[in-house]
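All values derive from a computational prediction rather than experimental measurement. Lettering follows sequence order; numbering is per chain, from 1.
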There are 2 protein chains.
Amino acid sequence: MNHVEFFKALSNKTRLQILNLLKEPEKHFPPQEKGAYDAGVCVGHIQQKVGLTQSTISEYLSLLQRTGLITATRVGQWTYYKRNEEAFQKLAEIIQKEL
Amino acid sequence: MNHVEFFKALSNKTRLQILNLLKEPEKHFPPQEKGAYDAGVCVGHIQQKVGLTQSTISEYLSLLQRTGLITATRVGQWTYYKRNEEAFQKLAEIIQKEL
DNA sequence: CAAAGATATCGATAATTCTCGATATGTAAA
DNA sequence: TTTACATATCGAGAATTATCGATATCTTTG
């Protein structure tokens with residue numbers, strides 16, 4: 001992927017907020033069954049927290065996923081999203097070495 | 001500064017190209033007097049290399065400077081721009097720790 | 001299979017960004 | 001101080017992005 005796409009994905013207040021919320025799910029979202037956020041957080045919970053429309057949040061999550069910054073796991077009718085820390089690490093390296 | 005501004009600055013192919021060109025000035029620009037690029041590269045040389053309008057390049061350089069990613073030094077009628085490596089380092093850290 | 005809930009996609013409008021040409025400003029040399 | 005060059009700023013149109021409401025799709029349950 002072209003680097004520009006990474007930065008475009010990060011060029012939005014709301015998307016940065018989402019990434020930040022996903023950093024510590026226990027801290028920001030209602031508890032899951034079995035208390036584990038292994039698969040991530042579902043769209044609805046993120047939407048409630050952020051406050052924008054469901055469609056906007058869904059699009060943003062999808063965009064972030066396309067860049068690889070988060071991953072999606074469909075479980076039943078829910079899609080759980082969580083951060084892909086490796087991608088952040090890689091991005092930090094890009095900035096240090098390639099930019 | 002808000003992190004979004006960093007990423008906005010980097011969300012453009014041309015601006016990334018400029019930053020990249022400034023990484024190794026000797027490699028991309030005509031030699032300076034005394035062969036040193038200490039102060040950076042002047043707007044005109046960058047403009048010729050990139051190919052967009054003078055006004056566009058000037059604006060982009062000014063924008064990048066506002067974010068702190070490059071610095072400007074006026075010498076006579078020339079403004080020399082060069083990378084601020086510290087800012088890139090800091091940005092890499094932001095991605096690792098704060099994002 | 002019909003209904004309900006969760007998410008995804010579509011179409012539209014407003015806001016922002018990209019890029020340009022024209023012009024203004026700043027600086028050095030004649 | 002006039003001229004010429006280098007850079008900066010302004011105003012505008014085209015392209016892209018942000019965000020919404022409406023609707024479509026997918027999944028579970030009755």
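No N or O donor and acceptor, one from the side chain of B:Thr53 and one from the base of C:dG21, sit under 3.5 Å apart. Within 3.5 Å, a donor on the side chain of B:Glu59 pairs with an acceptor on the base of D:dC10, or the reverse. A donor and an acceptor atom never sit less than 3.5 Å apart when one is taken from the side chain of A:Gln77 and the other from the base of D:dC26. Counting distance only, with no hydrogens placed and no angle test, the side-chain atoms of B:Gln54 and the base atoms of D:dA6 include no donor-acceptor pair under 3.5 Å.
Contact annotation: B:Thr56 does not reach the phosphate of C:dT19 (side-chain N/O to OP1 or OP2, under 4.0 Å). Contact check, A:Tyr80 against C:dT7: no side-chain N or O comes under 4.0 Å of OP1 or OP2.
In the set C:dC18, C:dA22, D:dT7, C:dC18 carries the atom at the smallest distance from any side-chain atom of B:Arg15. Closest approach to the A:Arg74 side chain among C:dT7, C:dT19, D:dT9 is made by C:dT7 (side chain taken as heavy atoms from C-beta onward). Looking at the side chain of A:Asn12, the nearest of the listed nucleotides D:dT7, D:dA18, C:dT9 is D:dA18. Side-chain proximity of A:Thr14 to C:dT19, D:dT19, D:dA22: nearest is D:dT19.
Note on B:Thr79: only backbone sugar-phosphate atoms sit closer than 4.0 angstrom, heavy atoms only; bases stay farther off.
Atom CG in A:Leu63 sits roughly 15 Å away from atom P in C:dC10 (whole-Å rounding).
Annotation: of the two residues near DNA chain D, A:Trp78 and A:Lys8, the 5′-most nearest-nucleotide partner is A:Lys8.
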